[in-house]
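Everything numeric here is computed off the predicted structure, so don't read it as measured data. Note on naming: letters A, B, ... go to the chains in the order of the sequence lines (proteins, then strands), and numbering restarts at 1 for each one.
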Amino acid sequence: MFHPRKTTFPNRSNRFILLPLQLSQPSESTQAPLTIKRSSHHQAIRTPLSPSQDSLLHIANLILKSKPEALTQTLEKCDVQWSPDVVVQVLKRLWNDGPKALQFFESLDRLPNYKHSTSTFDHAIDIAGRLHDYRTLWTLLSRMRQRRLGPTPKTFAIITERYVSAGKADRAVKIFLSMHEHGCPQDLSSFNTFLDVLCKSKRVEMACSLFKVFKRRFRADTITYNIIADGWCLIKRTPKALEILKEMVESGLSPTLATYNILLHGFFRAGQIKESWEFFAQMKKRGCKPDVVTYTTVIHGFGVAGEIEKARKVFKQMVGEGCLPSVATYNALIQVLCKKDSVENAILIFEEMLRKGYVPNVTTYNVVIRGLCHASKIDRALDFMDRMKDDKCDPNVQTYNIVIRYLCDAGEIDEALDVFRKMDGGSCLPNLDTYNILIGGMFVRKKSEDLVVSGKLLIEMVDRGYVPRKFTFNRVVNGLLLTGNQGFAKEILRAQSMHGRLPCKFKL
DNA sequence: GTAGGGTTAG
């Protein structure tokens, strides 16, 4: 499944706004891509600022609407000084339309005054990998090398992650081990990154064997051991994590606070609540001062286990012990209140965090919105979504997915479609989950017109590089046939044979 | 893009 990588934009809202002003301002002065302003003469006036979100949105929409053959022309006509920074931002906006993003990347190469950078190549390689288009991926890599722009260790982190998440972990190991043949030597940090990629995809056994073979060659450090321990914790095998940490100490490396936080989280994840509590107590007793990550782990862990009072108590305690909660701490508390207490109590905490000067981020809003939807208060959830826009915290694809899912479940299909339409003209393109949720919703009312919409959505998602499951495909085609839409059903089947990407099962 | 906390329900 496709999961967009975390954005690399500075996370403004995660900062505690009572900090001195110069600390809470992300420094943007070092990069100065150009932005567009139109005078009354429709002539572009360029000012040395990054393009505004609005103009990026405008550019992304132009690209989405443009036919592939006209794309270079469209780009020439854009009143933008193309620079790698601007291109990366546009590629991020086109993230959920991989084929378009790659067309955009290619068209730029035909512009006389623009040259791709290491970073734009990395993004294009990432997108090709996500589309499982490995031929394009390796072509891009060799072009990158010809132009002396890489590949860098980051490029290989991207490639190996794409292979692992496509279920090709063995191939990823070979690629990692052959990095040097592509002009990129391995070192400890690329080794650590690769082990982390394997662990995060739950290929912990494989990571561990690789670790055993190469730990001496790469001189495994604390971070290596932490990565492997966290891997075992992720699959709830805390005894294996403890084993690794024992080995770590024997090899002369000292655990850090991160090590303890990993283990603490592991106990909670494995449902070993008693062990978690004892471990947390031991940490404090032995003078290992918990930090905000430790407290957030404990609050979330107790909450998930249904121990709301304990979670609240720890939240109160942390301030007394000289540790201020972060936005993530609030998010953890709000989430567990939604789940195990009530959304009303969660909103009280949300309001408390505002009073104390914290700036909620998109996760905060998503947690509250989900809580409201879950309590069948969809109208209030929609109010919160509007409020996000006012608070300069744009809804992301998850926000839309939550609301669309609950609207479909409640049978409010027209409202769900309304929200969906807002996405396309908006800042965020639908992802695979969005299409699956909405196509499923088109079967709720058993209306012929809904099935036509489901067919259009199916075609659109394929155009954007998503592969529907066989189940989805058959369901839509069958639905169309059963509601007298034979013509459209045939059209979809024809598109299927042309694309060759759709699952092939259905025969007329 | 060398590690640790917060976003889905079933």
Inset, instruction - Give the nucleotide from the list dT2(B), dG6(B), dA3(B) with an atom nearest to the side chain of T193(A). - result: dT2(B)
Inset, instruction - Could you check which of dT2(B), dT7(B), dG5(B) has an atom nearest any side-chain atom of N396(A)? - result: dT7(B)
Inset, instruction - Applying ring-ring contact (aromatic ring centres under 6.0 Å, His included), run through F191(A) and F211(A) and close with a yes or a no. - result: CA-CA 9 Å; F191(A) 181 56; F211(A) 166 72; 7.2 Å; no
Inset, instruction - Could you check how far CD1 of I402(A) sits from P of dG6(B), rounded to whole Å? - result: 16 Å
Legend entry - Set of side-chain contact (heavy atoms from CB on, under 4.5 Å) partners for D418(A), sequence neighbours left out: R421(A)
Legend entry - Closest nucleotide among dT7(B), dG5(B), dT8(B) to the A328(A) side chain: dG5(B)
Legend entry - Integer-rounded Å distance: dT7(B) C1' and D394(A) CG: 17 Å
Legend entry - Protein-nucleotide distance (L195(A), atom CG; dT2(B), atom P), rounded to Å: 13 Å
Legend entry - Proximity to the side chain of N361(A) - top-ranked nucleotide from dA9(B), dG6(B), dT2(B): dG6(B)
Inset, instruction - Could you check which of dT7(B), dA3(B), dG6(B) has an atom nearest any side-chain atom of I227(A)? - result: dA3(B)
Inset, instruction - Round to the nearest Å and state the distance from M385(A) atom CE to dT7(B) atom P. - result: 19 Å
Please report, to 0.1 Å, the donor-acceptor pairs under 3.5 Å made by any side chain of residues 373-382 of chain A, with sequence neighbours excluded.
from: H374(A); atom 1: ND1; to: Y406(A); atom 2: OH; distance (Å): 3.3
from: K377(A); atom 1: NZ; to: E344(A); atom 2: OE2; distance (Å): 2.8
from: R380(A); atom 1: NH1; to: E344(A); atom 2: OE2; distance (Å): 3.0

Legend entry - Length of the CG-P vector between D409(A) and dA9(B), whole Å: 11 Å
Inset, instruction - Please work out if T329(A) contacts a base, only the sugar-phosphate, or nothing of the nucleic acid, heavy-atom cut-off 4.0 Å. - result: base
Legend entry - Residues within residues 294-309 of chain A bordering DNA chain B, heavy-atom distance below 4.0 Å: T296(A), T297(A), H300(A)
Inset, instruction - Please say whether the positively charged group of R387(A), taken as NZ for Lys or CZ for Arg, lies over the ring of F384(A), i.e. under 6.0 angstrom from the six-membered ring centre and within 45 degrees of the axis. - result: yes
Legend entry - Closest to the K200(A) side chain, choosing from dG5(B), dT2(B), dA3(B): dA3(B)
Legend entry - Sugar-phosphate, base or nothing in reach of D291(A), heavy atoms under 4.0 Å: base
Inset, instruction - Kindly write out the residues that satisfy side-chain contact (heavy atoms from CB on, under 4.5 Å) with R237(A), not counting sequence neighbours, or none if the list is empty. - result: E205(A), W232(A), I235(A), K240(A)
Legend entry - Nearest to side-chain heavy atoms of V327(A), which nucleotide of dG5(B), dT7(B), dG6(B): dG6(B)
Inset, instruction - Starting at atom CE of M248(A), determine the distance to atom C1' of dT2(B), rounded to an integer number of angstrom. - result: 13 Å
Inset, instruction - Just call it for N366(A): base, sugar-phosphate, or nothing, with non-hydrogen atoms closer than 4.0 Å on any strand. - result: base
Legend entry - d(CG, N192(A); P, dT2(B)) in whole Å: 9 Å
Inset, instruction - For the side chain of H265(A), starting at C-beta, report the closest nucleotide among dG5(B), dA3(B), dT8(B). - result: dG5(B)
Inset, instruction - Give T256(A) one of three labels, base, sugar-phosphate or nothing, depending on what nucleic acid heavy atoms sit under 4.0 Å from its own. - result: base
Inset, instruction - Please determine, for the side chain of D196(A), which listed nucleotide (dT7(B), dA9(B), dA3(B)) has the closest atom? - result: dA3(B)
Legend entry - Sugar-phosphate, base or nothing in reach of F268(A), heavy atoms under 4.0 Å: nothing
Legend entry - From dT2(B), dA3(B), dA9(B), nucleotide with atom closest to D221(A) side chain: dT2(B)
Legend entry - Name of the residue among D97(A), N96(A), N436(A), N401(A) meeting side chain to side chain donor-acceptor pair (under 3.5 Å) with N431(A): N401(A)
Legend entry - Between dT7(B) (C1') and N431(A) (CG): distance, integer Å: 13 Å
Inset, instruction - Output yes when E352(A) and K356(A) qualify as a salt bridge under the 4.0 Å nitrogen-oxygen rule, no when they do not. - result: yes
Inset, instruction - Apply salt bridge (Lys or Arg N to Asp or Glu O under 4.0 Å) to K316(A) and list each qualifying residue two or more places apart in sequence or on a separate chain. - result: none
Inset, instruction - Just call it for L188(A): base, sugar-phosphate, or nothing, with non-hydrogen atoms closer than 4.0 Å on any strand. - result: nothing
Legend entry - Residues which pass salt bridge (Lys or Arg N to Asp or Glu O under 4.0 Å) with K284(A), listed by chain and number, not counting sequence neighbours: E321(A)
